[in-house]
Number of protein chains: 2
Amino acid sequence: MALRNAVMAALLEGEASGYDLAKGFQSSVANFWMATPQQIYRELERMESEGLVAARFVQQERRPNKRLFSLTEAGYAAVHAYTTEPPAKPTAIRDELLVKVQCVDVGDLQAVRAAIAQRMELAAAKVVRFERARERLLAGRTEDEYFGTAERIGPYLTLLRGLSLEQDNLRWGEVALKRLDQRTAALAARAE
Amino acid sequence: MALRNAVMAALLEGEASGYDLAKGFQSSVANFWMATPQQIYRELERMESEGLVAARFVQQERRPNKRLFSLTEAGYAAVHAYTTEPPAKPTAIRDELLVKVQCVDVGDLQAVRAAIAQRMELAAAKVVRFERARERLLAGRTEDEYFGTAERIGPYLTLLRGLSLEQDNLRWGEVALKRLDQRTAALAARAE
DNA sequence: TGGGAATATTCAAAAAGTTGCATATTCCCA
DNA sequence: TGGGAATATGCAACTTTTTGAATATTCCCA
């Protein structure tokens, strides 16, 4: 039932098709909840049968037809109820990169180095996207003005979290690469 | 097959029982891979049947007997092979707290506030633990000295990541609480 | 001496998530 | 005019993960 909450959170941004949700998960939600298309289509159907979302069939000229989902009143009520639910269970993280880093001393140092570098590239790209999204949300206002006037602040707050997470990824990656290179040099020196 | 890699990463620290691994997941690995006891016991059995780990039965005086697992040579080889494996699939995050934050404008503001505060407490506790673990690893050396002399640097690097993640959680939490309180005040003023 | 907490493992069932494919439409480019 | 990419959805099979126990030993405290 947890995916459901993420889907509802995404639908707060407005109606969306399963496809919309599946890719990017409506951009911001993707940063703290991952889901595959299959999962989302199935969950939407269940939610529809329970009256939490309603579908609107849209004939398209230049694309296959689609069904746009939006929250019903029951859906909004469910969102509200969800936020009051007791203790969010601890974050589930599964980060393969860090498992590899943990194994680096027994593993292939250069391969792990490459994996970190790749993660950094991804992080840099995300930072750029998030900064853009932030500009869009601010729409010329300062942050203080934004919080004083915006209808919704949730998406901005989660965006901030995603942004600082990726910036942190970059900072950490730099340190890690430096230290791995140091070690490579030290091992080479020892081998001489 | 991904849990398996996390288990092997944990066993690099030395032999451990299923129970050891289950709680804390050998402390550092827990920060980037979560698993329940069931998962771990089952995976250990499978790994044993494939010769990646070997079990040593330990009779205990003051506790129920246990089986301590350690990596076999095949296990070490598997760790090495794993680190060279191509592209770690994108990190899977599932953070209920951020889903709630995303929903805050439709949901219960005070409940979400409390959830953030709780997360911050957890984060603060983790920061303390991580700082301690770091002191232990450094054992009086500076970081430069550590990287010059330590057998293994992987655990230290992952520890750094965990530490900065939690520090970041705290920083973000402070901002989020401040903004939510601002909003509470603004809504109260509007209601007058 | 009795009960709760911690250690240590395991089973079974349900829920959730992944993978691979199948389908259909349309765009764009060569 | 043919093929690849993007849009859009869905099925079925499979694996993984979660949940909720049950079991057994021992520690510690009241």
Side-chain angles (χ1 to χ4, degrees), chain A residues 1-8 10 15-26 29-30 32-50 53 55-69 85-96 99, chain B residues 1-7 10 15-26 30 32-50 53 55-70 86-96 99:
Chain A
M1 291 298 155
L3 170 61
R4 162 164 312 188
N5 300 315
V7 168
M8 292 192 297
E15 59 178 8
S17 67
Y19 190 78
D20 293 333
L21 294 172
K23 68 170 191 17
F25 215 133
Q26 222 62 337
V29 179
F32 46 89
W33 209 276
M34 301 255 58
T36 60
Q38 310 317 315
Q39 260 179 288
I40 289 167
Y41 280 111
R42 252 187 296 121
E43 191 62 34
L44 281 171
E45 243 164 76
R46 267 185 248 153
M47 290 168 78
E48 192 186 13
S49 77
E50 295 176 38
V53 299
R56 184 165 73 86
F57 197 87
V58 176
Q59 295 268 6
Q60 289 186 119
E61 298 286 301
R62 343 204 113 211
R63 293 281 163 218
N65 300 328
K66 62 179 171 184
R67 302 207 308 148
L68 288 180
F69 293 88
E85 264 168 36
K89 59 178 75 168
T91 316
I93 316 188
R94 262 149 219 197
D95 191 340
E96 281 223 53
V99 178
Chain B
M1 291 298 154
L3 170 60
R4 163 164 313 189
N5 300 315
V7 168
E15 59 177 9
S17 68
Y19 189 77
D20 293 333
L21 293 172
K23 67 169 190 19
F25 215 134
Q26 222 62 338
F32 46 89
W33 207 277
M34 300 255 59
T36 60
Q38 313 314 317
Q39 262 178 288
I40 288 168
Y41 280 110
R42 251 186 298 118
E43 191 63 34
L44 281 171
E45 245 166 74
R46 267 184 247 152
M47 291 168 79
E48 192 186 13
S49 76
E50 294 176 39
V53 298
R56 185 166 74 86
F57 197 87
V58 176
Q59 294 269 5
Q60 289 186 121
E61 298 286 301
R62 344 202 112 213
R63 292 280 163 222
N65 300 328
K66 63 180 171 182
R67 301 207 309 147
L68 287 180
F69 292 87
S70 48
K89 59 178 74 162
T91 314
I93 317 189
R94 263 151 218 195
D95 191 340
E96 281 221 55
V99 177

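Residue numbering restarts at 1 for every chain, and letters A, B, ... go by the order of the sequence lines.
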For this session: Using a 4.0 Å heavy-atom cut-off across all strands, classify B/R42 as base, sugar-phosphate, or nothing.
Result: base
Whole-Å distance between [N] [atom2] and [X] [atom1]?
{"X": "A/W33", "N": "C/dA16", "atom1": "CH2", "atom2": "P", "result": "11 Å"}
{"X": "B/D20", "N": "C/dA8", "atom1": "CG", "atom2": "P", "result": "7 Å"}
{"X": "B/L3", "N": "D/dT18", "atom1": "CG", "atom2": "C1'", "result": "13 Å"}
{"X": "B/R56", "N": "C/dT9", "atom1": "CZ", "atom2": "C1'", "result": "18 Å"}
{"X": "B/R46", "N": "C/dT10", "atom1": "CZ", "atom2": "C1'", "result": "14 Å"}
{"X": "B/L68", "N": "C/dT9", "atom1": "CG", "atom2": "C1'", "result": "13 Å"}

[N] phosphate, OP1 or OP2, under 4.0 Å from [X] side-chain N/O:
{"X": "B/Q39", "N": "D/dT18", "answer": "yes"}
{"X": "A/Y41", "N": "D/dT9", "answer": "yes"}
{"X": "B/S17", "N": "C/dT7", "answer": "no"}

Exercise. Picking from C/dA8, D/dT16, C/dT18, which would you name as closest to the side chain of B/R94?
Worked result: C/dT18
Problem set entry | From C/dT7, C/dT19, D/dG10, nucleotide with atom closest to B/Y19 side chain | C/dT7
Exercise. Less than 4.5 Å apart, any side-chain heavy atom of A/E43 and any of A/Q39?
Worked result: no
Exercise. Does B/Y19 use its side chain to pair, donor to acceptor, with the backbone of B/P37 at less than 3.5 Å?
Worked result: no
Seminar exercise, completed: Computed from five pairs at either end and rounded to 10 degrees, the angle between the axes of the helix from C/dT1-D/dA30 to C/dA30-D/dT1 is 30°
Exercise. Any donor-acceptor pair under 3.5 Å joining the side chain of B/Q38 to the base of D/dT18?
Worked result: no
